[in-house]
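Scroll down for the structure; my scribbles are underneath it.
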Amino acid sequence: MKIETVVDAEIELLTAIKKSDVLALETILHDDLLFNMPDGQTITKEFDLQSYRSGKLKINSLEASDQIVNIIEDSAVVAVTVALKGAYDNNPIEGVFKYIRVWKKAGKNLKVIAGSCVQLA
């Protein structure tokens, strides 16, 4: 696995999030995904996709920076800072968040198998 491949997968993921592209997210997220939210809640792929399908989650802007990628055999760990503006269930979301995502090779594709997010001060 090459760093460039992971960087491209991250770009594809962030683009899908910005566009609320459920079809792309279905492909990118692993069926057994677990993701820890800033409030401590652990969500699944289906919960995440339903947030987009229902229109509850709306992303107005998203800008990534300070990306670090570590390749570990057939997996990759990405740490990235994201400035985010949007809303969830009509409650505004705005801030800078630090994400960590674990990507794993699944067949020909890379898929997000785990992640976590904290809001920075």
Side-chain angles (χ1 to χ4, degrees):
M1 185 181 315
K2 295 180 179 172
I3 287 179
E4 295 80 18
T5 307
V6 178
V7 170
D8 288 347
E10 276 281 319
I11 292 167
E12 190 179 336
L13 173 65
L14 294 177
T15 301
I17 290 169
K18 279 185 212 175
K19 294 180 176 179
S20 296
D21 185 343
V22 174
L23 288 177
L25 290 168
E26 281 179 348
T27 303
I28 295 166
L29 303 178
H30 193 279
D31 288 346
D32 296 320
L33 168 76
L34 290 177
F35 190 92
N36 289 331
M37 301 297 288
D39 65 0
Q41 179 184 12
T42 301
I43 64 168
T44 62
K45 173 182 179 175
E46 192 48 45
F47 182 96
D48 195 30
L49 293 178
Q50 191 53 38
S51 297
Y52 291 100
R53 276 192 207 108
S54 67
K56 273 188 175 181
L57 182 61
K58 292 183 173 58
I59 303 299
N60 300 329
S61 69
L62 181 151
E63 192 172 321
S65 62
D66 304 328
Q67 186 181 65
I68 301 167
V69 178
N70 282 352
I71 307 290
I72 305 164
E73 296 172 13
D74 66 345
S75 301
V77 179
V78 176
V80 63
T81 303
V82 175
L84 183 68
K85 286 183 187 173
Y88 183 79
D89 211 9
N90 295 318
N91 297 309
I93 304 167
E94 185 170 349
V96 179
F97 298 85
K98 189 72 166 191
Y99 284 81
I100 191 157
R101 273 190 278 273
V102 181
W103 293 84
K104 184 165 179 57
K105 190 108 167 124
K108 289 189 263 181
N109 301 319
L110 283 179
K111 294 193 178 268
V112 179
I113 62 169
S116 187
C117 171
V118 294
Q119 187 164 7
L120 303 179

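Only heavy atoms go into these numbers, but all of them, side chains included; no hydrogens, no water, no symmetry mates.
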Would a distance-only check, ignoring hydrogens and angles, find a side-chain to backbone donor-acceptor pair under 3.5 Å from Ser20 to Ala16? no
Any salt bridge linking Glu46 with Arg53? Criterion: basic side-chain nitrogen under 4.0 Å from a carboxylate oxygen. yes
Answer yes or no: is there a side-chain heavy-atom contact under 4.5 Å between Gln119 and Val96? no
Verify same cluster id: Met37, Leu62 (apolar side-chain graph, 4.5 Å): yes
Are any of the side-chain heavy atoms of Ile3 and Ile71 separated by less than 4.5 Å? yes
Quick one: do Thr5 and Leu110 satisfy side chain to side chain contact (heavy atoms under 4.5 Å, CB included)? Show the steps, please. CA-CA 9 Å; Thr5 307; Leu110 283 179; 3.9 Å; yes
Electrostatic pair Glu73-Lys105, nearest N-O below 4.0 angstrom: no
Close side-chain approach of Ile17 and Leu57, heavy atoms under 4.5 Å: no
Less than 4.5 Å apart, any side-chain heavy atom of Tyr52 and any of Leu25? yes
Give the minimum heavy-atom separation between Ala64 and Leu14, together with the two atoms involved. CB-CD1, 3.6 Å
Would you give the length of the straight line joining atom CG of Asn109 to atom CD of Glu12, rounded to the nearest 0.5 angstrom? 8.0 Å
Closer than 3.5 angstrom, by distance alone: can the side chain of Lys45 be matched with the main-chain N or O of Leu29 as a donor-acceptor pair? yes
Measure the shortest side-chain to side-chain distance between Tyr99 and Leu84 over non-hydrogen atoms and say whether it is less than 4.5 angstrom. yes
Taking atom CD of Glu63 as the centre, does the number of heavy atoms from other residues, nucleotides or ligands within less than 6.0 Å exceed 12? no
Would you say Lys85's side chain and Ile59's backbone share a donor-acceptor pair under 3.5 angstrom? no
Does Leu13 share a hydrophobic cluster with Ile43, counting links as ILVMFWY side-chain heavy atoms below 4.5 Å and allowing steps through other members? yes
Identify whether Val82 and Ile100 are in the same connected component of the hydrophobic contact network (ILVMFWY, side-chain heavy atoms under 4.5 Å). no
Are Val7 and Val112 connected in the hydrophobic side-chain network, where two residues link if heavy atoms are under 4.5 Å apart? yes
Any side-chain donor-acceptor pair under 3.5 Å between Thr81 and Lys98? yes
Audit row: Val6, Met1, side chain to side chain contact (heavy atoms under 4.5 Å, CB included) steps and yes/no: CA-CA 8 Å; Val6 178; Met1 185 181 315; 3.6 Å; yes
Please round to the nearest 0.5 Å and tell me the distance separating atom OG of Ser61 and atom CD of Glu94. 7.5 Å
Side-chain (Asp39) to main-chain (Gln41) donor-acceptor, under 3.5 angstrom: yes
Taking all atoms of both residues into account, what is the closest heavy-atom pair of Trp103 and Ala9, and its distance? CH2-O, 3.4 Å
Same apolar cluster: Phe35 and Val102, side chain cutoff 4.5 Å: no
Electrostatic pair Glu10-Arg101, nearest N-O below 4.0 angstrom: yes
